[in-house]
Amino acid sequence: MRLPAPFVKLPLRFDVDRLQGELAQFDESEWRAHPQDYAGNSALILISHNGSDNDDLAGAMAPTPRLSRCAYIRQVLGTFNTVLGRSRLMRLAPGAEVETHSDIAYYWRDHVRIHIPIVTDPNVRFVCEDVEVNMAAGEAWIFDNWRPHYVLNHTGITRVHLVIDTVGSAAFWRLVSQGQILPAASPNAAPAPKIQIVAPDVEPADLRFETHNSHQIASPDTVKSIVQDVIGDLHQQRNAPREQQMLESHLVDLAHEWRAVWALYGTSERAYPLYGNLIAGVLQFSARYCASLRLPSNGSLVHGVLKNYLGGCFNPHADILARLTVPSFDRPIIIVAAPRSGSTLLFETLISHPEVWSLGNESHGEIENIPGLSPRDRNFDSNVLTAEDANPDICNTLKRVFAERLRSSEGAAYAFLPENRQPDAVRIIEKTPKNSLRIPFLNAVFPDALFIFLHRQPEANLGSMIDAWRSGEFVTYRDLPDWQGLPWSLLLTPGWRTLPAGDLATIAADQWRHANAAIARDLSNLPQDRWRSLRYEDLVHSPAQTVERIWQFCGLRRDEALLTRLASGLPLSRYTLSPPTAEKWRRHATEITRVMRSLETTIRDISSLGNTL
């Protein structure tokens with residue numbers, strides 16, 4: 001929740017001995033890892049959705065059986081006289097950190113988190129924006145988690161906090177108003193309030209738990225508030241680019257249209273396609289034209305914030321998706337390429353064609369969230385998937401997941417179209433560089449798929465990959481076990497554990513070689529009428545002619561409007577780090593020249609592959 005200052009220290013102090021006594025009763029088996037597997041982070045759940053072991057943010061909250069074993073913690077909870085949301089004991093192991101981040105989930109628009117340290121050390125540091133504090137044992141704090149924040153436990157102890165999520169109450173916010181603001185609002189700020197020692201001896205009369213913390217469909221006023229927050233944040237920066245101005249116009253239109261649809265249908269199921277398409281249209285625009293735009297207040301990507309906030313405004317009944325008719329996937333068009341080969345540029349160009357559908361972005365989550373397909377489920381060996389992985393259950397699940405995410409070129413969500421407007425068959429364009437290691441798998445799922453192999457001049461490709469690693473914006477596996485280098489970025493290749501962690505040129509060369517060698521090998525095993533090879537340089541230098549040849553290969557009709565746009569050249573893709581130039585790679589010339597010999601065989605394989613567009 002946004003607060004007027006980074007930290008507020010509440011005028012309370014709790015009995016540390018009693019808190020530590022209740023903490024000591026729990027067995028190690030009752031602690032669970034962080035849901036994103038952040039190293040050294042674990043939690044013991046006290047209040048959760050339905051009172052079970054989960055990390056859900058939405059749904060009716062209830063105490064777990066563990067809370068019944070904590071008489072004093074129940075008394076502490078009652079002290080705040082507020083509605084209680086998800087609450088846990090949270091540990092941070094010796095030497096562990098909570099990396100810098102901002103909490104931009106929809107949940108955090110209304111929730112604030114109370115921290116009560118139970119086991120800590122004066123050297124444990126909590127930093128929010130540029131303000132650093134040590135939260136002492138028994139104190140109570142809240143902080144502005146919209147701002148960038150992180151925690152450092154560079155000590156030999158396991159830090160443990162009781163953390164309580166709440167939307168607050170009148171009594172709670174009166175308590176906050178009596179707290180100490182850090183940093184002080186002005187040099188003449190009132191002195192710190194007197195701390196009240198709290199050690200109640202009676203069971204709280206009534207602990208109240210959240211039951212309504214998510215929207216099926218948000219009210220127009222909620223949507224308007226979100227739009228105003230985002231636009232107000234963006235206005236903190238001067239000289240707004242044209243794309244930002246257009247996005248702001250889209251957001252204003254969204255708020256107005258949401259109110260109009262609400263006036264017509266309210267929360268009726270008849271309005272689901274309308275609400276869904278309003279959101280999809282804004283998200284498609286922000287993904288395509290504002291992918292690198294960040295909020296001045298905390299540096300978060302605007303598209304990510306909108307995806308979370310607008311997604312939280314529309315949560316249709318699960319039975320809508322449960323009864324979704326999965327369309328036939330007619331000759332899916334699958335782009336395969338090494339990372340940083342220009343596949344995003346090609347993808348964003350092709351999905352503008354009025355006959356095609358897409359997921360709107362890369363399919364990392366859609367594929368890897370299916371049990372058994374994630375590297376996490378495969379000992380983090382690599383991104384390789386084979387035909388044997390495509391059993392009937394996996395195939396059906398993947399097609400349904402794709403159907404739930406399908407968007408037309410105009411941004412219409414397939415799942416929320418009226419049934420009489422859902423096509424029986426769709427032409428989908430799919431891409432992620434990880435698919436370079438998955439062609440046999442994808443061929444088994446989609447036996448009539450067409451593949452476009454995009455490859456780029458090796459030196460330029462390697463230079464872009466090295467830049468991607470150094471930027472930190474392309475991390476795919478943040479806490480990869482057994483890896484000591486920079487957070488793992490881009491493709492996870494077979495044998496990655498043997499790579500030198502500090503040698504980015506060797507790592508990039510390994511990723512380039514594995515991707516292109518696998519593509520050349522696997523495509524040569526398919527009929528030639530199902531794939532074509534394409535040079536990135538041809539796409540950039542002759543975009544209109546190249547795209548026309550792609551349409552002919554894929555059996556798509558000529559689109560005059562897109563050809564007109566391409567006549568003035570290709571726009572930068574959403575993931576461009578800096579404008580492309582032919583010689584940009586020479587910044588890394590020494591490193592790249594050193595590894596080029598290891599790529600000679602793969603370069604020859606690509607050259608001899610033929611079947612070029």
(request) Start with the C-alpha distance between T166 and I114, add both sets of side-chain angles, then the distance that settles side chain to side chain contact (heavy atoms under 4.5 Å, CB included), and finish with yes or no. (result) CA-CA 8 Å; T166 181; I114 305 167; 4.1 Å; yes
(message) Measuring only between side-chain heavy atoms, which start at C-beta, is F80 closer than 4.5 Å to S169?
(response) no
(message) If I compare all heavy atoms of L57 with all of N213, which pair ends up nearest, and what's the gap?
(response) O-ND2, 3.6 Å
(message) Quick check on F26: does its CZ atom have over 12 non-hydrogen neighbours (other residues, nucleotides or ligands) under 6.0 Å away?
(response) yes
(request) Scan side-chain atoms only and decide if R109 and T222 contain a donor-acceptor pair under the 3.5 Å cut-off. (result) no
(request) Check for a donor-acceptor pair, side chain of T120 on one end and backbone N or O of A136 on the other, with a separation under 3.5 Å. (result) no
(request) Can you see which heavy atom on L499 is nearest to which on W483, and at what distance? (result) O-CZ3, 3.8 Å
(request) Measure from the side-chain N and O atoms of R74 to the backbone N and O of L67, and report whether any donor-acceptor pair falls under 3.5 Å. (result) yes
(message) When you compare the side chain of D165 with that of Y107, does any pair of heavy atoms fall below 4.5 Å?
(response) yes
(message) Please check this pair: side chain of S87 against backbone of G85, looking for a donor-acceptor N/O pair closer than 3.5 Å.
(response) yes
(request) Answer yes or no: is there a donor N or O on one side and an acceptor on the other, between the side chain of E257 and the main chain of L278, under 3.5 Å? (result) no
(message) So, applying side-chain contact (heavy atoms from CB on, under 4.5 Å) with L295, which one of I104, L301, V302 is it?
(response) V302
(request) Could you tell me whether a side-chain N or O of H101 sits under 3.5 Å from a main-chain N or O of Y150, the two making a donor and an acceptor? (result) no
(message) Measuring from atom CG of L398 to atom CD1 of I370, what distance do you get when rounded to the nearest 0.5 angstrom?
(response) 4.5 Å
(message) Can you confirm whether more than 12 heavy atoms, excluding those of Q484, are under 6.0 Å from its CD atom?
(response) no
(message) Donor-acceptor pair, distance only, cut-off 3.5 Å: does the side chain of S489 make one with the backbone of P487?
(response) yes
(request) Identify the heavy atoms of A413 and R407 that sit nearest to each other, and give their distance. (result) CB-NH1, 3.2 Å
(request) Identify which one of D144, D103, D233 satisfies the salt bridge (Lys or Arg N to Asp or Glu O under 4.0 Å) criterion when paired with R2. (result) D233
(message) Does any part of the side chain of Q20, heavy atoms only, come nearer than 4.5 Å to the side chain of V160, both counted from C-beta?
(response) no
(request) Please name the pair of heavy atoms, one in V167 and one in E210, separated by the smallest distance, quoted to 0.1 Å. (result) CG1-OE2, 3.8 Å
(request) Kindly determine whether N308 and L306 satisfy side chain to side chain contact (heavy atoms under 4.5 Å, CB included), including the steps that lead there. (result) CA-CA 5 Å; N308 288 344; L306 290 176; over 6 Å; no
(request) Return the minimal non-hydrogen interatomic distance between L491 and P433, and the atom names on each side. (result) CD1-O, 3.7 Å
(message) Go through it in stages, so that I can follow the logic: the residues are F143 and V133, the test is side chain to side chain contact (heavy atoms under 4.5 Å, CB included), and I'd like the CA-CA distance, side-chain angles, deciding distance and then a yes or no.
(response) CA-CA 11 Å; F143 73 101; V133 302; over 6 Å; no
(request) Anything under 30° is parallel, anything over 60° is perpendicular, the rest tilted; go ahead and classify Y309 against W146. (result) tilted
(request) Give me the one residue out of H154, E97, E132 that meets side-chain hydrogen bond (donor to acceptor under 3.5 Å, both in side chains) with R125. (result) E132
(request) Can you spot which of L23, T158, L19 makes a side-chain contact (heavy atoms from CB on, under 4.5 Å) with V119? (result) L23
(message) Under a 3.5 Å distance rule, please check whether N134 uses its side chain to pair with a backbone N or O of D121 as donor and acceptor.
(response) yes
(request) Could you grab the distance from atom CD of E248 to atom NE2 of H235, nearest 0.5 Å is fine? (result) 3.5 Å
(message) Using 0.5 Å steps for rounding, measure from the CZ atom of R376 to the CD atom of E368.
(response) 9.0 Å
(request) Check the side chains of T155 and N123 for a donor-acceptor pair under 3.5 angstrom, ignoring hydrogens and angles. (result) no
(message) Please check: side-chain N/O of N153 versus main-chain N/O of A96, any donor-acceptor pairing under 3.5 Å?
(response) no
(request) Compare all side-chain heavy atoms of V223 with those of F314 and state whether any distance is below 4.5 angstrom. (result) no
(request) Evaluate the side chain to side chain contact (heavy atoms under 4.5 Å, CB included) criterion for residues F14 and L162: first the C-alpha distance (whole Å), next the side-chain angles of each, then the deciding distance (0.1 Å), finally the verdict. (result) CA-CA 11 Å; F14 296 99; L162 170 62; over 6 Å; no
(request) Starting at CD1 of I195, measure out to CZ of R13 and round the result to the nearest 0.5 Å. (result) 6.0 Å
(request) Determine whether more than 12 heavy atoms belonging to other residues, nucleotides or ligands lie under 6.0 Å from atom CG of D130. (result) no
(message) Show the nearest heavy-atom pair for residues I217 and G266, with the distance to one decimal.
(response) CD1-O, 4.3 Å
(message) Measuring from atom CH2 of W488 to atom OG1 of T476, what distance do you get when rounded to the nearest 0.5 angstrom?
(response) 8.0 Å
(message) Checking S300 against N298: is there a side-chain donor and acceptor pair closer than 3.5 Å?
(response) yes
(message) For R91, is there an ion pair with E30 - N to carboxylate O distance below 4.0 angstrom?
(response) no
(request) State, with a plain yes or no, whether a side-chain heavy atom of L293 is found less than 4.5 Å away from one of L234. (result) yes
(request) Measure centre to centre between the rings of Y275 and W258, then say whether the value is under 6.0 Å. (result) yes
(message) I'd like to know if the side chain of R147 and the backbone of L3 have a donor-acceptor N/O pair within less than 3.5 Å.
(response) yes
(request) Could you tell me whether the side chains of N50 and S52 share a donor-acceptor contact shorter than 3.5 Å? (result) no
(message) Contact between L385 and R378 at the side-chain level, heavy atoms closer than 4.5 Å - yes or no?
(response) yes
(request) Could you check whether the rings of H111 and W108 sit parallel, tilted or perpendicular, using 30° and 60° as the cut-offs? (result) perpendicular
(message) Measuring only between side-chain heavy atoms, which start at C-beta, is L175 closer than 4.5 Å to L12?
(response) yes
(request) Would you check if L492 and L480 make a side-chain contact, meaning some heavy-atom pair closer than 4.5 Å? (result) yes
(request) Please work out whether the ring planes of F380 and Y477 are parallel, tilted or perpendicular, with thresholds of 30° and 60°. (result) perpendicular
(request) Answer yes or no: is there a donor N or O on one side and an acceptor on the other, between the side chain of Q178 and the main chain of L10, under 3.5 Å? (result) no
(request) Calculate, to the nearest 0.5 Å, the distance between atoms CG and CH2 belonging to L44 and W31 respectively. (result) 5.0 Å
(request) May I have the step-by-step check of salt bridge (Lys or Arg N to Asp or Glu O under 4.0 Å) for D55 and R88, ending in yes or no? (result) CA-CA 10 Å; D55 297 292; R88 298 169 289 175; 3.6 Å; yes
